[in-house]
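First listed ligand is number 1; within each ligand, the first listed atom is number 1.
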Amino acid sequence: MANKVIVHEKLIYVFDSVDDLIEMVVREWYQKANTALEERDRFDIALSGGRTPIPVLQKLVADNLEFDWSRTHVFQVDERFVPIDHADSNYKMLNEHLISRVNIPQDNVHRIKTESADAQLAAHEYAQQLNNHFDYELPRFDLVILGMGPDGHTASLFNVDELIANDEVLVQVTANSKAQHERITLALSVLNNARDIFFLATGTDKSGVLKKVLQDRNMQLPAAHIVPRDGQLVYFLDKDAAEKL
Ligand code: 6PG
């Protein structure tokens, strides 16, 4: 069961349970995928790391819906600059809970290559993958799934002064005292160029930051800068995360 709430023109679904939230996210993902395939014969999705997406990926795999993975391309929103078998690797999480469990062609999986000599080279290589896939236009994902840290970061954008809003920069290297590893992340201009953005947040530890972002519109928080240029942003919150709204 979900309550639909509008706060400062932002569409927010608040769910009594995380299971209900997951159910709707999977259904909406499936719908967006099929629309993209019908309209453009391709579905391009960018997935975040962290723990929130895990039950969504598990449900998507368990439901075994008729996804056409042959025309689906999975990209990463961001990555920690660690080997792909490192416990903190976002790719490790995505591979464990989704990629290794669906019949997606290897060429359709676009990984941030942390085996590169340094983070800048990994970022450059990933930008090249984006340019090749999106024909050197500003990448426009059909769906981007984001999470939000209690400090207001999203993707691996931790500080507003590192947000580069120009279209030339597609991928950035960021570092943050609270983040153990160097990060490689899609830049804000790419995230905001998506057709659809799902912002997922659950748990009381996100309630404070969600109030700051959604109610107070605190622009000192990177998550508050997620505003699709020409697309739709929907927040999927459980009641604990939404308790301060
Ligand atoms: C990462 C993510 C990050 C995440 C938030 C929320 O690399 O950690 O991309 O932006 O979405 O930190 O993380 P949780 O989902 O674990 O709360």
Show me a pair-per-line table, with atom names and distances to 0.1 Å, of protein N or O atoms that are under 3.5 Å from an N or O of ligand 1.
residue: ligand 1; atom: 7 (O); partner: D78; partner atom: OD2; Å: 3.0
residue: ligand 1; atom: 7 (O); partner: R80; partner atom: NE; Å: 3.1
residue: ligand 1; atom: 7 (O); partner: R80; partner atom: NH2; Å: 3.4
residue: ligand 1; atom: 7 (O); partner: N90; partner atom: ND2; Å: 2.9
residue: ligand 1; atom: 7 (O); partner: R183; partner atom: NH1; Å: 3.3
residue: ligand 1; atom: 8 (O); partner: R80; partner atom: NH2; Å: 2.7
residue: ligand 1; atom: 9 (O); partner: G49; partner atom: N; Å: 3.4
residue: ligand 1; atom: 9 (O); partner: D78; partner atom: OD1; Å: 2.8
residue: ligand 1; atom: 9 (O); partner: D78; partner atom: OD2; Å: 2.8
residue: ligand 1; atom: 10 (O); partner: A155; partner atom: N; Å: 3.3
residue: ligand 1; atom: 10 (O); partner: A155; partner atom: O; Å: 2.6
residue: ligand 1; atom: 12 (O); partner: H153; partner atom: NE2; Å: 2.7
residue: ligand 1; atom: 15 (O); partner: R51; partner atom: N; Å: 3.4
residue: ligand 1; atom: 15 (O); partner: T52; partner atom: N; Å: 3.0
residue: ligand 1; atom: 15 (O); partner: T52; partner atom: OG1; Å: 2.6
residue: ligand 1; atom: 16 (O); partner: R51; partner atom: N; Å: 2.7
residue: ligand 1; atom: 17 (O); partner: K206; partner atom: NZ; Å: 2.6

Cation-pi geometry met for R195 and F43 (6.0 Å, 45°)
no
Which atom pairs, donor and acceptor, lie under 3.5 Å between side-chain atoms of residues 115-122 and protein residues at least two apart or in another chain?
residue: E115; atom: OE1; partner: R111; partner atom: NH1; Å: 3.0
residue: E115; atom: OE2; partner: R111; partner atom: NH2; Å: 2.9
residue: S116; atom: OG; partner: K113; partner atom: O; Å: 2.6
residue: D118; atom: OD1; partner: Q120; partner atom: N; Å: 3.1
residue: D118; atom: OD1; partner: L121; partner atom: N; Å: 2.7

Any ion pair linking E23 and K59 (charged N to carboxylate O, less than 4.0 Å)?
yes
Would K92 and E96 satisfy salt bridge (Lys or Arg N to Asp or Glu O under 4.0 Å), going step by step from the backbone distance to the final call?
CA-CA 6 Å; K92 182 175 189 291; E96 192 175 316; 3.7 Å; yes
With under 30° as parallel and over 60° as perpendicular, where do the rings of Y30 and F67 fit, or are they tilted in between?
perpendicular
Please work out which of the three classes, parallel, tilted or perpendicular, describes the rings of H110 and F75, given edges at 30° and 60°.
parallel
